[in-house]
Q: 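Have a look at this one.
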Amino acid sequence: MDNGEVNRDPIYMLAALIEIYRGMNVYLPEFDPLMEKKILRDVFSAAISFARHDESRHVLSEEIYRNVNGGSSVREQIELTRDQTPDVLNAKMVAAAHLINTLEGNKLGFS
C-alpha cells in the first residue's frame, strides 16, 4: 500500500480496529474514505447492542452522529481509546468481530 493505493479490504480494517480497541499498535494504510465511513458507522451501530451501560450507548450514539455529519476515521479511533471506558471499547471490539464473521459468511468457527 506504499505506492499510493488505498486499502479497500474491510476485513483488514475491522481486524485493525479490534487491535486498536485492545490497545495495540497497528500499521494503518490509507483506507478508502467511503468504506472507512461505512464500516465505522456499522461498528458503532452494532456496538450499541453489545454495550452494557446506558452511558456507553450514549457515547456510541454520539459517535454515529459525528460519523454521519462529518465523518470519523480509524486514526481518530486510536485517540479515542485513551478516553473511552472499557465497556465502550469492548462493545466496539465485539461489534467489529461480529462484522468480520458476517462478511466472511459465518464461515468462522471452532473446529
Q: For D32 and V6, work out which heavy atoms get closest and say how close.
A: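 D32 and V6 have their closest heavy atoms at N-CB, 4.0 Å.
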Q: Among the clusters formed by ILVMFWY side chains lying less than 4.5 Å apart, do M13 and L80 turn up in the same one?
A: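 Different clusters.
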Q: Could you state whether V68 and L60 fall into the same hydrophobic cluster, counting links through intermediate Ile, Leu, Val, Met, Phe, Trp or Tyr residues with side-chain heavy atoms under 4.5 angstrom apart?
A: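 Yes, V68 connects to L60 through the hydrophobic network.
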Q: Taking only residues two or more places apart in sequence, or in another chain, which ones meet E55 in a side-chain contact (heavy atoms from CB on, under 4.5 Å)?
A: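 For E55 the side-chain contact (heavy atoms from CB on, under 4.5 Å) partners, ignoring immediate neighbours, are H53.
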Q: First locate atom CD of E76, then atom CD1 of I78, and finally report the distance between them rounded to the nearest 0.5 Å.
A: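 Rounded to the nearest 0.5 Å, the CD-CD1 separation comes out at 10.5 Å.
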Q: Does N69 CG have over 12 foreign heavy atoms under 6.0 Å away?
A: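 Result for CG/N69: enclosed.
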Q: Evaluate the side chain to side chain contact (heavy atoms under 4.5 Å, CB included) criterion for residues Y12 and Y27: first the C-alpha distance (whole Å), next the side-chain angles of each, then the deciding distance (0.1 Å), finally the verdict.
A: CA-CA 10 Å; Y12 182 91; Y27 167 74; 3.5 Å; yes
Q: Taking salt bridge (Lys or Arg N to Asp or Glu O under 4.0 Å) as the test, write out the residues that go with R22, two or more places apart.
A: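 If we apply the salt bridge (Lys or Arg N to Asp or Glu O under 4.0 Å) test to R22, skipping adjacent residues, the hits are E19.
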Q: Residues two or more places apart in sequence or in another chain: which of them pass side-chain contact (heavy atoms from CB on, under 4.5 Å) with A95?
A: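 A95 satisfies side-chain contact (heavy atoms from CB on, under 4.5 Å) with V43, A46, A47, F50 only.
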Q: Looking at residues at least two apart in the chain, or sitting in another chain, which of them share a side-chain contact (heavy atoms from CB on, under 4.5 Å) with T81?
A: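 With neighbours one apart ignored, the set is I20, Y21, L89.
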Q: Output side-chain donor-acceptor pairs under 3.5 Å for residues 34-41, partner residues at least two apart or in another chain, one line each.
A:
{"residue": "E36", "atom": "OE2", "partner": "V74", "partner atom": "N", "Å": "2.7"}

Q: Between V94 and F44, is there a shared hydrophobic cluster once you connect ILVMFWY residues whose side-chain heavy atoms come closer than 4.5 Å?
A: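 Different hydrophobic clusters.
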Q: Tell me, which pairs form a side-chain hydrogen bond (donor to acceptor under 3.5 Å, both in side chains) where one or both residues lie in residues 82-95, sequence neighbours left out?
A: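 Pairs touching residues 82-95 that pass the test: S56-D87, E63-Q84, E63-K92, Q77-K92, E79-R82, Q84-K92.
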Q: Would you find more than 12 non-hydrogen atoms of other residues, nucleotides or ligands less than 6.0 Å from R66 atom CZ?
A: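 Yes, the 6.0 Å shell around CZ holds more than 12 heavy atoms from other groups.
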